[in-house]
Amino acid sequence: MSENKEKSISKELKEKLFSQRKNGYLRIDAEEEKAVFAFAENYKRFLDIAKTEREAVAEAVRTLESVGFTEYKKGMKLNPGDKIYRNNRGKAIIAAVIGTAPIADGVRLCAAHIDSPRLDLKQNPLYEDTELALFKTHYYGGIKKYQWTTIPLSLHGVVIKADGSTVTVNIGEDESEPVFCVTDLLPHLATEQMTRPATKLIRGEDLNLLIGSMPFREDESSEAVKLNIMNILFDKYGITEDDFISAELEAVPAFKARDIGFDRSLIGGYGHDDRCCAFPALAATVDCVAPVHTAVTVLTDKEETGSDGNTGLRSSYLKYFIEDIAEALGSEGRDVLSASQCLSADVNAAFDPTFADVNERNNCAYVNKGVCITKYTGSRGKSGTSDASAEFAGRIRRLMDSRNVIWQTGELGKVDAGGGGTVAAYIANLNVDTIDMGVPVLSMHAPYEVISKLDLYMAYKAFAAFIAD
Ligand code: MN
Ligand code: MN
């Protein structure tokens, strides 16, 4: 046998037996590349107008209602093809399209979260120190605190006034509006600061938002700068200092989503985790027509703080919704849940060559290799994991291949490097077959995260395929 012949046999065998996961851009044609880039434009718009869970719900309601979804109340009759949603306190939302199959055959559930790491104002936020006005904050979610200094921040949320009326706040997004920021120490005087471990470089109580410096005119008392700020806030919003007690105000990066790279293949923006899954899941639901199985998409709150609370997925709001539609369609919630399948749609860490050490190269997600399927999460011996069965992983894998979805598999980092969880466990605990699937992210939880347009589009294709199956 000649040397050449041997080579071609091994090449043939490798093609047959080895995993072949090339860069996704080498696996799509020009037409699909166009679709990839077009989808990213819609997504960037969503990122810019939905920076908080409340804004994401408001935008989801607008979108859903514009295509005929109506708010569902317990007891309403349901028929195949009906498009419904339930708004949970303006911070989480469930959308559903009723399928043609009996509801007892289970639903196809996509679950993504719409809260992202940020700086929340404390309930007594406003103070003046040395003639500067500041807001005290309590950070939300897992952040590297030093990343949140010296960047422009906008303020979003609601204030419930003493008379019970609601004021909606959104300031710092329009170019004409002011922004806010957390200051940091100049390097010249940071000799002691720079010796601290990174966790203490900026401490929680250092994350104070600078909001003003002008004293109230003709006022000789102390706290004249604070008084001037409160006066401006009263003029603009009609609020007094005590109204902060019943407010939820969130400081988030004021940057807009932008293309990254000469080739524009990537998107930089705030809150990709988990809007890069929430948006495609919502889009797939909106585009879904007459599915066989009832399609249910939940966009949840509080994932970044552990999913507790009545708008998080450890609460019963999803279960109650399933029970309500089960009853309307003549079945029992527990039977529907037990027959259901779920994609826990959340991001994964993308391999970063600058920080290669934390990953095990055979089992991590890469930019441009498609949506990432993660069979199990958890850390240190799969603690806290939801581990999808081989059977369910096999079903999802076959489905993705049959619909030409470019996908990869990966887990979050090396076994003992750290880890993280998603909402998968809370849905799986309802006896639902659940697997994690999502877009790989660079600089996850930073004020400015990066994803690939191709991976984003493949998430949309994956969710659409799952819903339609
Ligand atoms: Mn997430
Ligand atoms: Mn996260």
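Numbering of ligands and ligand atoms starts at 1, following listing order. Numbers for residues simply follow the sequence, beginning at 1.
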Subject >> Audit row: D436, T422, side-chain hydrogen bond (donor to acceptor under 3.5 Å, both in side chains) steps and yes/no >> reply: CA-CA 8 Å; D436 274 290; T422 64; 2.8 Å; yes

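- No more than 12 heavy atoms of other residues, nucleotides or ligands shown are found within 6.0 angstrom of NZ on K200.
- Using a 4.0 Å cut-off between a side-chain N of Lys or Arg and a carboxylate O of Asp or Glu, D120 and R118 qualify as a salt bridge.
- Remark: at the Mn ion (ligand 1), atom OD2 from D346 and atom OD1 from D273 enclose 150°, rounded to the nearest 10 degrees.
- At least one N/O/S atom of E304, from backbone or side chain, sits under 2.8 Å from the Mn ion (ligand 2).
- Not one N/O/S atom of H113, from backbone or side chain, sits under 2.8 Å from the Mn ion (ligand 2).
- Looking at H445 and the Mn ion (ligand 2) together, the shortest N, O or S contact belongs to NE2.
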**OP:** Begin from the C-alpha positions of D469 and H293 and carry the test side-chain hydrogen bond (donor to acceptor under 3.5 Å, both in side chains) through to its verdict.
**Re:** CA-CA 7 Å; D469 181 51; H293 293 93; over 6 Å; no

